[in-house]
Number of protein chains: 2
Amino acid sequence: MDGALNRNTVHRLVRYLRVLEQLKALGFLKVFSNNLGDAIGVTAAVVRKDLAQIEAVGNKRGGYNIDPLIERISRLLGRDKRQYAVLVGCGRLGSALLDYPGFEADNIEVSAGFDLRPEAVNHSGSVPIYPVDKLEEYLEAHDIPVGILTVPDNAAAEIFDRLVAAGIVGVLNFTSLQLKPRPGTETDESERRCFVENISIGLELANLFYLVRMYASM
Amino acid sequence: MDGALNRNTVHRLVRYLRVLEQLKALGFLKVFSNNLGDAIGVTAAVVRKDLAQIEAVGNKRGGYNIDPLIERISRLLGRDKRQYAVLVGCGRLGSALLDYPGFEADNIEVSAGFDLRPEAVNHSGSVPIYPVDKLEEYLEAHDIPVGILTVPDNAAAEIFDRLVAAGIVGVLNFTSLQLKPRPGTETDESERRCFVENISIGLELANLFYLVRMYASM
DNA sequence: TAGATTGTTAATCGATTAACAATC
DNA sequence: TAGATTGTTAATCGATTAACAATC
């Protein structure tokens, strides 16, 4: 019974999975909700609820078997199949993400980058970079669900719309704009629902400065 | 009456501020809770509550005056003074963040980078990069509250401990580890509370893939 | 069995939403 | 005044926490 997992739950599942793989590497066979909770910083009750929700069954005495748990979560996250994304905006941050080694662990691959500037175009790297003109053509040919947006803020809205129009249904947004899925025609033939995850680095940092300053006295 | 603002509230305040500055640039003088809410994707009631919490007063008829509101939020966020951070781990992602242009808008500056690899050391760039050996020395000399952590996962725990030991009280963590403030001696002389903001890019992307796959049919 | 852990229900907590009197 | 918006209270919602019976 899934499909109803919210973002927080999915976040935790990804984290459980990382821990479980480490435990497996160490030769562990079983794990208690208690340990798993400690490892990712939540209570045991949350772990048990999460696992119950994905229909993982534990043993009242021996905890959860690691192997089937890894299996279950991996499949749920789609990690048994390779997952492809494109990236638009190959500046400093964008090109750093283009061959970010951390994606491999989740079986995720950025298959192409796009940039407006002719000098950024480069077919010889590990990930090819195309002119942004070719975006629609590429997406039509490759059926890729997710886009990473690392363009300057002033280009964000336009590129976002183009991504959605080209069939992208999930966007990881690094611009400081709060993107909304199509403010335009909602009821139109293209009832496109696009999920957006906003990662605003400046905002997180500003938040951190506030917190440390505020609690500096304590 | 502040000091009790939680993370979500601070996040929203940063966003309000960005919108307010744009409105000011357009020549606006006043704004309604309604507009502000639309702009950042929350309801008007949330905006009014947030603003009441920071003791910003609005006019029952004319909404909120933009100038004093900018003033108030800016001071609250400490943006009237320049805020400095250091960065450890000058790999692809790290060096992209070293001179990330988006920090300037929040009056934040990364004053130094540190790296283990001798070839990364570089004093001629816009931000100097020192050997990681010099970390404690530098922090002792400069009294910087916040650190950005972009080292490989296997170095994360060690560097984090060193940062905290050297007086860092806020860490923006880009590794996939869930860092906790000192699992060690809590009651010791160094009752150091360190705030951590975790940004796990791979995790967000994995989450996005889950969402799009789950709602693909709908 | 005795001890320990799961699975689940009830209680708590906090944040969001709705509603509306006060008032410009 | 009439209309509209704030400031605030009450209601709702969801997620977290506590508790405990079931059971290995």
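So you know, we letter chains A, B, ... as the sequences are listed, proteins then strands, and number each from 1.
- With Asn198(A) contributing its side chain and Gln178(A) its backbone, the two residues share no donor-acceptor pair below 3.5 Å.
- Listed by first and then second residue, the ring pair (Phe, Tyr, Trp, His ring centres under 6.0 Å) pairs that reach into residues 91-115 of chain A are Tyr100(A)-Phe103(A), Phe114(A)-Tyr130(A), Phe114(A)-Tyr138(A), sequence neighbours excluded.
- Taking a 6.0 Å sphere around CZ of Arg7(B), one finds it holds more than 12 heavy atoms contributed by other residues, nucleotides or ligands.
- Formation of a donor-acceptor pair under 3.5 Å by the Asn35(A) side chain with backbone atoms of Phe32(A) is found in this model.
- Residue-level contact check: Arg7(A) touches neither bases nor backbone, having no heavy atom under 4.0 Å from any strand.
- Note that the first and last nucleotides of DNA chain C, 5' to 3', having any atom under 4.0 angstrom from a heavy atom of chain B are dA15(C) to dC24(C).
- Residues of residues 21-51 of chain B that place a heavy atom closer than 4.0 Å to DNA chain D, in numerical order, are Phe32(B), Ser33(B), Arg48(B), Lys49(B).
- Judged by distance alone, the side chains of Glu197(A) and Asn173(A) never bring a donor and an acceptor atom under 3.5 Å apart.
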Self-check item: Bracket notation of DNA chain C in which parentheses pair within the strand, [ ] cross earlier pairs, and | pairs with another strand (Watson-Crick or G-U, under 3.5 Å)
Solution: ..||||||||||||||||||||||
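- The backbone N or O of Leu87(B) sits nowhere less than 3.5 Å from a side-chain atom of Thr150(B) that would complete a donor-acceptor pair.
- Asp153(A) places no side-chain N or O within donor-acceptor distance of the main-chain N or O of Thr175(A), the cut-off being under 3.5 Å.
- Among pairs with a residue in residues 84-96 of chain B, those fulfilling side chain to side chain donor-acceptor pair (under 3.5 Å) read Asp99(A)-Arg92(B), at least two apart in sequence or across chains.
- Every pair passing salt bridge (Lys or Arg N to Asp or Glu O under 4.0 Å) that includes a residue from residues 25-54 of chain B is listed here, sequence neighbours excluded: Arg12(B)-Asp50(B).
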Quiz item: Could you walk me through whether Arg79(A) and Asn107(A) pass the side chain to side chain donor-acceptor pair (under 3.5 Å) check?
Solution: CA-CA 6 Å; Arg79(A) 232 190 41 172; Asn107(A) 209 5; over 6 Å; no
